[in-house]
Amino acid sequence: MDAIKQVCVIGAGTMGAGIAAQAANAGVPVLLLDIVPKDGANRNAIAEGAVAKMLKADPAPFMSKAAAKLIETGNIEDDLAKVADCDWIVEAVIERLDIKQSLYAKLEEVRKAGTAVSSNTSTIPLGKLIEGRSDAFAADFLITHFFNPPRYMRLLEIVTGPKTSQDTAAKVADFADRAMGKTIVRTNDTPGFIANRIGTYWLQVAVNAAMDLGLTVEQADAIGGKPMGVPKTGIFGLIDLVGIDLMPLLQKSLTATLPEGDAYFATVRPMPLIDRMIADGYTGRKGKGGFYRINREAGKRKESLDLATGDYRPTLKADAPRAKLDQLIALPGKTGDFAWAVLGQTLAYAANLVGTIADDIVAIDDAMKLGYNWKYGPFELIDQIGAAAFAKRLADEGRPAPAILTTLGDRSFYRIEGGKRQYLGLDGDYHDIVRPDGVLLLEDIKRTAKPIMKNGSAALWDIGDGVACLEFTSKMNALDGETLKLLGQATEHVAQSMKALVVYNEGSNFSAGANLGLALFAVNIAAWGEIEKLVAGGQQAYKALKYAPFPVVAAPAGLALGGGCEIVMHADAVQAHAETYIGLVECGVGLVPGWGGCGEYIDRWVKSGLLPRGPMPAVAKAFETISTATVAKSAAEAKELQFLRKDDGITMNRDRLLADAKSRALALVDGYAPPNPPEFRLPGESGRVGLAMAAEGFRKRGLATDYDMVVSDALATVLTGGDADLIDVVSEQALLDLERAAFVKLIRDPRTQARIETMLETGKPLRN
């Protein structure tokens, strides 16, 4: 199979530009083309403008600004011949069949044989798209339906036709999986495919039910959000996020293409309120507001739309009901009625579509979890309710049960058998869920094995071939004394019995840092000795890990902050997920790194070869980054900031991270020797004064508070070596002693305590 080495994206709108950015994030050259604008002399203005806009966007489509340099812009009239150099052409132009077919006719003349061509459409059948094209073109054609934003949404729905070459489809799927980080879901060629077919129905049902029952948007989102495993945006918040103006467009598309009798038609009704909102520019977050808005004239007050009057009012608090799913739909009153109206119709709709939109329930569940961020897929939700009870309630209401529920009977859609997770097939039998080659998940290992050791905050697992995996298990994977205790025990065990260690978990975040709640509790009871003991214990545990007689690979994903960042920096190598957000953020809560982060970070800059020689440049860089609590917004940016080293690895697909980290660890085993302790040449008092002057400049410009100056001075003292002189060699341990002293002093200050308390209560820094 030929590798994809260059990609062309045609159509530089929101989706096309985002797809181009993610292909560039994968490290391959991208040709981005669009039409020639009607006005102006710059014939490439549309594509160039799209790249410029993405460089300023937040959240950023690019994982680093360097990725943008991989995109060559052009226009369809002048540059279409350049697609001959590309291995995959993605069409993302306007959803009009005639325009797409005209483009394909031109592409057939210029593309090289074997080049994959795909459409990002979600509304036009594949068979219609390739009408009039040759068999050779049809063999290389498929649909690749990305979700917005392409960098962050993992789902990629792939549709192939009867003439599509399986080799071509496999080539595209492999690149999208490994290089672009997508989870591939094969879907049938039906309107809306999987996620949008069910997702659009779900949203329409929920809006209708909220209006019929007289619920507020806050009440609907509280019931239809977290209790159902839906993101905290809930129903109306999600519509605001994706764009209210998208609803009538999707409705128009689906009503024009769905088969007669589809349940979706029953959800369609006049929506004068939504029509008015769109006409007035209230299209959601991208517009002046939506069902929720920020009223800046009223002091940035959050307001909600009254569904009955159409007027805005201050947002009201609505508590989410605390009930299991089967209990939620049975609650009396509007809460239970709304929950059942949404779940009863949506889950039955999904169950009726098995075999139509996809060949198995796993594809449908995966599509909804990845495309709409549901915590559970439709069939996992039915299992929580109880399939037999769900079918009975439908029958009691005079609604026919979907055929697959009849096949299921009193069984569940998923089960664990012999340590393997199985799903019910259309044939009525259970089948193993098979992972793609190169995917190793800790959740699978945990079904068939017991941990080597565990406590309330961490566990150690055998992941095969002599490699152990250290897993954090506390809330947000925050680090505490129990974590450090097990880290020490794990280090001893692996040294005696195994070859290597991977630090990894499958939580949303690798680690949000030290457990600030426990730290604040210790402060409130004046347990200063315990706090110092925790800091010293962390330093000792991290050093033991760093100098252990076996290789250690850290495999972070999501947040790796504070102490989470520090454990990554103490590993021999890092295999990071592309979406790793890493940084030393202690100054944000009035502290300094206490578990070796200062020395590790200086050492990285010294060894990077990117700075002039001398004691000050690396110290100044470390001060700039740590004092501002800078967080890298991707693994690629983490390399630029030196949180990761040049030769650390990046895995694009989250499901492949553990396998990649394990492979990296095994590759380090032969001939492994622990690193030599670093020795530092630091500027001492003169350097501290220089850093203080720089911080004072920020204070005078209003960018730093008076207490920021206190914290930054403590950090400067550590980074410059305290009383060190330029001719002194400062040891790693001496720097650790300075860190510990600064940390313990700062945490005694009421202003630091106020920062910690505010962070715990609001999740936002206090600028005191």
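Here the structure is a predicted model, which is why all the values come from computation and not from measurement.
- Side-chain atoms of I239 and M247, non-hydrogen and from C-beta on, do get closer than 4.5 Å to each other.
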>> Between M211 and M271, is the side chain to side chain contact (heavy atoms under 4.5 Å, CB included) condition met? List the steps.
In response: CA-CA 11 Å; M211 291 183 170; M271 286 282 185; 4.1 Å; yes
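- Using cut-offs of 30° and 60° on the angle between ring planes, the pair W202 and W374 is perpendicular.
- Only one option out of T160, D359, L353 pairs with N188 in a side-chain contact (heavy atoms from CB on, under 4.5 Å); it is D359.
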> Given the rule in the side chain to side chain contact (heavy atoms under 4.5 Å, CB included) test, do I35 and N75 qualify, once you have shown the distances and angles that lead to the verdict?
Replying inline: CA-CA 5 Å; I35 61 173; N75 68 79; over 6 Å; no
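- Proximity of a side-chain donor or acceptor of D240 to a complementary backbone N or O of F291 within less than 3.5 Å is detected.
- Taking the six-membered ring for Trp and thresholds of 30 and 60 degrees, Y264 and Y201 have ring planes inclined between 30 and 60 degrees apart.
- Within 6.0 Å of atom CG in D429, more than 12 heavy atoms from other residues, nucleotides or ligands are found, so the atom counts as buried in its surroundings.
- Salt bridge annotation for R133-E108: present, with a cationic side-chain nitrogen under 4.0 angstrom from a carboxylate oxygen.
- Summarising the local packing, NZ of K100 is surrounded by more than 12 heavy atoms from other residues, nucleotides or ligands at distances under 6.0 Å.
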>> Assess the residue pair E48 and I46 against the criterion (side chain to side chain contact (heavy atoms under 4.5 Å, CB included)); give the C-alpha distance rounded to whole Å, side-chain angles, the decisive distance to 0.1 Å, and a yes or no.
In response: CA-CA 5 Å; E48 288 179 8; I46 295 177; over 6 Å; no
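- Between D174 and R178, at least one side-chain N (NZ, or NE/NH1/NH2) sits under 4.0 Å from a carboxylate O, which counts as a salt bridge.
- Side-chain N or O atoms of Q422 include none that pairs as donor or acceptor with a backbone N or O of I433 at under 3.5 Å.
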> Should I89 and R111 be marked as a side chain to side chain contact (heavy atoms under 4.5 Å, CB included) after you check the CA-CA gap, both sets of side-chain angles, and the distance that decides it?
Replying inline: CA-CA 9 Å; I89 303 165; R111 76 179 186 109; 4.1 Å; yes
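- Note on ring orientation: taking the six-membered ring where Trp is involved, the planes of H145 and F147 are tilted (angle from 30° to 60°).
- Remark: K286 NZ is packed, more than 12 non-hydrogen atoms of other residues, nucleotides or ligands lying under 6.0 Å away.
- With hydrogens and angles disregarded, a donor-acceptor distance shorter than 3.5 Å links the side chain of T255 to the backbone of K252.
- We find the CD1-OG1 distance between I19 and T144 to be 6.5 Å, quoted to the nearest 0.5 Å.
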> Should Y104 and E91 be marked as a side chain to side chain donor-acceptor pair (under 3.5 Å) after you check the CA-CA gap, both sets of side-chain angles, and the distance that decides it?
Replying inline: CA-CA 9 Å; Y104 300 156; E91 169 269 301; 2.4 Å; yes
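- Side-chain N or O atoms of E506 include one that pairs as donor or acceptor with a backbone N or O of E443 at under 3.5 Å.
- Salt-bridge formation is detected for the pair R151/E579: a Lys NZ or Arg NE/NH1/NH2 atom is positioned less than 4.0 Å from an Asp or Glu carboxylate oxygen.
- The backbone N or O of L441 lies less than 3.5 Å from no partner atom in the side chain of R435, so there is not a single donor-acceptor pair.
- Taking the six-membered ring for Trp and the full ring otherwise, the centers of Y414 and Y430 sit at least 6.0 Å from each other.
- Within 6.0 Å of atom NZ in K288, more than 12 heavy atoms from other residues, nucleotides or ligands are found, so the atom counts as buried in its surroundings.
- Counted by atom type alone, T123 and E95 present one or more donor-acceptor pairs between their side chains at under 3.5 Å.
- Annotation for K112: atom NZ counts as buried by contact number, over 12 foreign heavy atoms lying within 6.0 Å.
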